[in-house]
Structures are given as C-alpha cells and as structure tokens.
Amino acid sequence: MSELNEPQRSAVAFERGPLLIFAGAGSGKTRTITFRIANLVSTHRVPPYRILAVTFTNKAASEMRHRLVSIVGEDIARDLWLGTFHGIAAKVLRRYAVDARLNPNFVIYDDSDQKAVVTRALRDLDLDDKLYPPKQILAMISALKREGHDPAEKSLGDDENLDRIARAYQSALTRSGAVDFDDLLLKLVQLLEDPERPASLELRRKFDHVMVDEFQDTNLVQYRIVRALSANSRNLCVVGDDDQSIYRWRGADVRIIRGFQRDFPEALVVKLEQNYRSTGNIVRAALGVIAKASDREPKELWTAESAGEKVVLRACPDERAEAIFVASSIQKGRARGISSKEQAVFYRIHAQSRVLEEALRGANIPYQIVGGMRFFDRAEIKDMLAYLRLVQNPDSDTDALRVINVPARGIGDKTVSRLLDVAAENTTSVLQALRIALHQGEFNAGTAKKLAAFEQLILDLEGAKDKLSPADLLERIIAQTGYKDVLEKDDSAESDARLENLAELVGSLREYEAEAPETGEAPTLVGYLERVSLVAATDSMEDVAKVSLMTVHSAKGLEFEQVFLTGMEEETFPYRGLDGHDPEELDEERRLAYVAITRARKELFISYAGSRFLFGRTKYVIPSRFLEDIPPDCVKREGDLGRTAYVSSGPSSTYGAGSHSYGGGRREFGGGGFPSSRGGAPNELLSPGGRAGAKSMTIERGGRHIDREAFDDLPFDDAADAPSYEREPVVARAGQKVKHKSFGIGVIERLESGAKPMVVARFPGYGVKRIVADFLEFL
DNA sequence: TCTTTGTAATTTTTT
DNA sequence: ATTACAAAGA
C-alpha cells in the first residue's frame, strides 16, 4: 500500500460493491488493478478462480499475470480467470457448449472466412454481390449482433433480401460448427440471460469479483455479459478513461462508462489523475488537444515531473522527407543511448507505413511492424490452419473448400460446384457431401479417384490427431498433403519464404506447447486454434531491440521513451474517408490523437507534410487542426513545408526565389541560402496569431520527385534538412491577396487539401471562388 | 484444370 | 499502388 498514492489506495482497498475508476493516461492503472487483485486474494482470501479480470488484449492479460506471479505467486496467478472478452467467451462456450447451443468443436471464423460464407450465401440465393457487397452485409450483421440481437430474429432493414442473406449466413455458420467474433459474445450473453439453461445459473454464481479494464471501449453485449456475471455479487470493478475511447466504429460505446454511475448509484468513483509516465511538456500538449473534446467526464490530469524536452513539431515537404526525418532522428536517439525497444513510430493508417519502412531499411535500422499484414494472414499459413481446423471440425466448410484443391490435386471449380449442390440437397457439410457423392457414383472414375484420395487424406489426419501433439500433427500435414513437395520443387525465392513461414508456424505451435502449462492448461489443438484466432496486433509484438511501427490504435495501452507521431495533417489525422466527418467521429479522432501523444514518456516528435503520396496519388495537405491546440510554449518548431516557408516572413509573402534544382540533397542552396529552422516564419505557419482559421501551405509548381535510387542514397545524417525536390514554390496564407485572370484581385479565405492545392478566395463582385492555385498569381 | 494476362475496384482504425 | 477478379489460352 505504501507504493500507492491516495486514490490508488482507496481503489485497491475497496472490497465489496461496484467500483468505477477513471484512470487518466499513465496514472498507474494496471498497477492499481493488479494490486487490487492481489489484495483480494491475500487479504480477503478470495479464491483466485472466483476472480475474473478482463483486459483489452492478450498481451495486457499476460503482463498482468506476470506481475501477479511476482506478488502472489505462481499457483494463485495461474488460477485467475484473466483474458480478453473474446478469449474468456471462447473458453466458457467451449466448456458449456451444449447449453450454449454450440458444437463443442466449434471453430472461429475471421473476416475472410466470414466473407467466404456470405459470398456462398449470395450464390445460393442467386443474388448479386454488387448489389449486396459482402463487406457491407457483414458490417450490418455485426452491428446487429453487437447490440445483442440475433440476426435470425431481428430484421436488418427494409430489403427482405438482407434478412435472407443474414439468415443464410447464420445457418451456414451453424451447420459448419463455426462462430464469428461477434457470436462469441452474443452466444455467451444469450446463455447467461436464459435461466432455462442450467449453465446459466452456474455461471452467474461463478465469480465473486469481476473487473474490466479499458472499460471505455466496451460494447453493449460486453456490458451485458459483465453485468450478468456480477449480478449475484455486485462486485463489479470497471476501469477506464472516456478520453481514450477510440473504438466507436467497432461498437464500443463511451456512454456505457459515462452512464455507469446511473446504473450503479451506490458505486464508489475513484479518479486517478496523477500522470507518472510523461514529462510536463508532453502532458500539457496532450491536455491541450483533449481539452477541446466535447462531453468529457471532468478530470484534471497532472504530473509532478519536470517539463523535460519540448515536443518537436516538424514540418516536412512530403512524406519521404518526413520518413527520412524520422529515420535520422531515430539514429540520433540511439546514439544518445535510447534503446530501440523504447522507440516507436505511429501513424493513423497502415498505408502510411511503407515509406517509413523504406527509410528505416535505407538507414539500416531494425524495426518491427505491429499489426497490418499479419503472419497469420499469409496464404500458406491460412492453408495450414484450414487443414488443422478441418481436422478438428470436419463440418467447417470454409476450411474444406479452401484446401480441397490446395496443393493442386485436380479438383477444379466444376467438381467443387457439384459438391456444393450435393451438400445443399442433403443439407450436409461439404466433406459429408463428398462421401455421399462418391457413394452414389456421382462422378466419373478419374474425378472420383481424386476425391477419394482427398477423403482418405483427411481421414488419415483425423486419425493422427489424437496420437500426435499439435506441432507434430502440423508437420504431418505439411508433408502428407504434398504442400512441402510443391514448394520444394519450385525453387523461387517466394517458395523459400513460404517454407520458412511454415517452419515458423511449426515453431509457433511448439512454443504454444511449451507455454500452455503456464495458464494451467494442457496444450491442445483447440487451444492453439483459439489462440491464433484471437490474437491482437500487439500480442505478437516481439520483445527485441527493434523500433516498433504501428497504428495509433495498436499503440493503445503501450508506452515508449521516444515517440514519433507522423502524418499530422488534415485528412490524414483526423482521417477523412470518402465522406466527411460527423462531429462525433471528429471527437474520436481527437481522442485518438490524445492517446498517441500520451504514449510518450520523455520525447515526442510530431511531424506533418505539405504533400503526401498515398493510394497512388499525391495530395496537398494542410497541418492538422489538432496541432493548433497544443500550447505553443511546450513545442519546438522545426523544418518547413518547402523552401519558401523560410523565405517568406510576413502574412503576405510572395513567390519563392525562383527555380532551383537540387540533385543529391547535400548541395548548397542557391539564392543565398535560407535562414535556419529557428527563423520566425515557420512559427507563423501554424499559429497565425489570431487570424481565425488561418493555415498556410506550400504550393509547388512543376515539382518533380527525384528517382528512387537517389532517395535511397541520401545521406542520413543531415538529409532530413535537405529538400529532395526541384521546385518553384509559393507560400499562400489566409488574408493574402491573389490575382485571377477574370476575377481580378481577391483575398484568400482558406486553403484546401486535394490533388492540387486549392485556394478559396473572395473576389469583390464575383463572390467566393474555389480555384486551383496554379491559376492564381500571389501578390 | 491450370496458368497467364488484362482489367477493374479499392483503399481506417481490429477482437 | 496494390490487389482482386475475370477471361482467355495451354
């Protein structure tokens, strides 16, 4: 207790009844929960298996378990129920499969499996997938399930075809003995809320204490689950921070944490407001950004730490310059003794990672990408997992269809299509249909032989299932399916890589076999498959000396000494998809920015570019609105959006100093050089001193990318300060005068992002016009 | 049935 | 830019 501050202590000591902990960023949240569990177990003698703690990721769960091992010992820590909602649900559903109305061997379908099921349903119903895009259908089904509704009972909308598809989808899952992610939660809540089912009562009494971390990102079904599980004891402890709610799009509802006191009026509310993680400047920057969010639970985050380094705000001409800046700063950080493990680069969307990767590779900096194209998403891995799942559950059609002709064994579309018809006629699984068809002499001798061979293969593997360990079984599959031979015969680099991936998969199974006993379970195929289905991006983060690259979402719950937050531009962050933002989305983007900033302990670098090449085209962008909310005195501005930002120093500056070309990036500038980044102008770029909404951007005429090789060869030490363009730029800014051929002289109102830099200006007599900057003369 | 080639669509965040 | 998909040829 002496290691805790006052509010932390009151949370830890609180034994019975509902407890709501508002835990600000870096306020020792995990420490508090961990201590509370330890206290319940050792002081109040609560049996560990009567405590359920839900975390947001498996990684968070295992970290908590490790901490508990060191406080209360291995035996006790092992018996706790600790995991994610989905992980816990899978475990419970497996155990009470009958009452949950599930096949005990159920498999968990991921996005691509789900898509395959919907596509098949559309085919069966003879509906056009252009009219009913599988992704959108799935989004609707998911939304329905997250609200706690069963698609069999509740309508998706006016179009009755939608309901037909949803029902076909759901019955296909049932027949295949499969569940999707939402089902895991839905089936559990259905089980818990149905007093007719024996397991319901048992489960409702099972836990003395229920704790939920990251409660701000809980959805309705999850809330119903924890309420049911804690209904008996009333001992429900939830921990969260409404400022860090960033999963609304996934069904999370901040209103749940905000409404907790209404649902539990007797709840003790504790606020953890002292930040132990970050320096003063970083905390102030974060607070500046979050202060503008609407609907916040009132709280005051503060820190006793010194101000520390200023937050570096770096302007870059484009995303390449930004990447080089990041790479060279990482090198400098490392030279100062910062461990690579403590360095992280954040971006809003995965697509931004490529350029960063290139720059890091170019600078020989080891890095790991967290999330994105996952190991388990690779084709060869999915093939092997499909075999494993098929062995576990032969009804899983998606898996059967995936591997029936992998590696190619002469069973083509035509044959598969006939098999599907047989399956539909007999309402059986594909594998069962195969047996029926063979029995009925449905196919000619050649085809029948191939099909029989496949059936025998699966039978053999099923026979091996109980004799071999999961890893050995996989090795058997790799060999016996002929997958290995095919890859070995083809000696392309790609096949080699695939073989390596397969070896890695075997390794991952062996690792699982070695680790499973830690949580008190025997290693089984089911256990492994569950684990890979429910991995989060951060779960597979390696604890090695590498810089981590990840989306801001993935960064939730993590912290690093040195953080690079990239792409802080309008449209990129806040991200703007096809259609605009509603205010709630914008608020969520703001919270996302807050999460990103608060990950940094000592050093924070925020960068933004003047133009960004993304999704195949260059877009001219203006700095993120969030940057304006960071108090100016805790930042240090660096760099420029383009050369002329240096030259221009007033609000009405004009053309740049003419055309200059730069080859290698190290050459001296022409035209007498430019002031250093400490000049006054860049400051005005972002904080235009009271001019409402004024932003500026560099407009480039005839700019041209230098080629790739030149990019790779840029000297990393000072390349970040050198432009890599041939350009003739101009700085424009609100309030400035422009001249147009037909409209005459006007005043700029604002600037807009786009394929080409756009200027919105008011011309007397003509009104407000939106014009491509190329057609304007800047006065 | 498999492979190659060309065309079109698609780009947030994830358990 | 990348990828998914479709159609045509081997």
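Per chain, numbering begins at 1; letters A, B, ... match sequence-line order.
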With respect to the phosphate group of B/dT15, does any side-chain polar atom (N or O) of A/T57 fall under 4.0 Å of OP1 or OP2?
-> no
Can you name the salt bridge (Lys or Arg N to Asp or Glu O under 4.0 Å) partners of A/R389, sequence neighbours left out?
-> A/D113, A/D399
Value in whole Å for how far the P atom of B/dT12 lies from NE2 of A/H553 = 13 Å
A/E571 CD to B/dT12 P, in whole Å, measures 14 Å
Looking at A/K115, does any N or O in its side chain come under 4.0 Å of the phosphate oxygens OP1/OP2 on C/dC5?
-> yes
Aromatic ring pairing A/F181/A/H86, orientation class (parallel under 30°, perpendicular over 60°, tilted between) = perpendicular
So, does A/D242 use its side chain to make a donor-acceptor pair with the main chain of A/V254 at under 3.5 Å?
-> no
Using centres under 5.5 Å plus planes under 30 degrees as the test, is A/W249 stacked with B/dT13?
-> yes
Could you give the CG-to-C1' distance, from A/L614 to B/dT10, as a whole number of Å?
-> 13 Å
Phosphate-side-chain proximity, A/K135 and B/dT10, N/O vs OP1/OP2 below 4.0 Å | no
Look at all strands and tell whether A/D111 reaches a base, only sugar-phosphate, or nothing, counting heavy atoms closer than 4.0 Å.
-> base
To the nearest angstrom, the CZ-P distance between A/R612 and C/dA1 comes to 16 Å
Report which part of the nucleic acid A/K450 touches: base, sugar-phosphate, or nothing (heavy-atom distance under 4.0 Å, all strands).
-> nothing
Testing C/dA1, B/dT1, B/dT12 for proximity to the side chain of A/F613, the answer is C/dA1
Considering only side-chain heavy atoms of A/T84, which listed nucleotide, B/dT13, B/dT15, B/dT14, is closest?
-> B/dT15
For B/dT13 and C/dA4, measure between their P atoms and round to the nearest Å.
-> 15 Å
Go through the N and O atoms of the side chain of A/R250 and the base of B/dT13, and report whether any donor-acceptor pair is under 3.5 Å.
-> no
Return a table of donor-acceptor pairs under 3.5 angstrom between the side chains of residues 442-451 of chain A and protein atoms on other chains or two or more places apart.
residue : atom : partner : partner atom : Å
A/N444  : OD1  : A/G446  : N            : 3.2
A/N444  : OD1  : A/T447  : N            : 2.9
A/N444  : OD1  : A/T447  : OG1          : 3.0

Given the options A/I290, A/L565, A/V552, A/I597 meets side chain to side chain contact (heavy atoms under 4.5 Å, CB included) only with A/L565
Verify the contact: side-chain N or O of A/N405 to OP1 or OP2 of B/dC2, cut-off strictly under 4.0 Å; return yes or no.
-> yes
Taking only residues two or more places apart in sequence or in another chain, which ones pass salt bridge (Lys or Arg N to Asp or Glu O under 4.0 Å) with A/R123?
-> none
Just by distance, with hydrogens left out, do A/Y528 and A/S508 show a side-chain donor and acceptor under 3.5 Å apart?
-> yes
Ranking A/D413 and A/E589 by the position along DNA chain B of their nearest nucleotide, the one closer to 5' is A/D413
Write down the distance between OH (A/Y223) and C1' (B/dT15), rounded to a whole number of angstrom.
-> 21 Å
Find the distance A/L93:CG to B/dT15:P and express it as a whole number of Å.
-> 19 Å
Spacing of A/Q244 atom CD relative to B/dT13 atom C1', expressed in whole Å = 16 Å
Quick one: is B/dT14 close enough that its OP1 or OP2 comes under 4.0 Å of any side-chain N or O from A/T551?
-> yes
Contacts of type salt bridge (Lys or Arg N to Asp or Glu O under 4.0 Å), residue A/R599, not counting sequence neighbours = none
For A/A408, answer base if it contacts any base atom (sugar-phosphate contacts may also be present), sugar-phosphate if it contacts only those atoms, and nothing otherwise; contact means non-hydrogen atoms under 4.0 Å.
-> sugar-phosphate
Distance in angstrom units between A/M550 CE and B/dT14 P, rounded | 11 Å
Distance test, side-chain N/O of A/H350 to OP1/OP2 of B/dT14, below 4.0 Å | yes
Any pair with a residue in residues 217-226 of chain A that passes salt bridge (charged side-chain N to carboxylate O under 4.0 Å, His left out), sequence neighbours left out, goes on the list, sorted by first then second residue, please.
-> A/E193-A/R224, A/D217-A/K556
Can you figure out which of B/dT14, B/dT15, B/dT12 approaches the side chain of A/Y575 most closely?
-> B/dT12
Sugar-phosphate only, base, or nothing, as touched by A/F56 at under 4.0 Å among non-hydrogen atoms | nothing
Starting from the 5' end of DNA chain B, give me the residue, A/E588 or A/G410, whose nearest nucleotide shows up first.
-> A/G410
Might you list the N or O atoms of the protein lying below 3.5 Å from N or O atoms in nucleotides 6-8 of chain C, with each pair's distance?
none

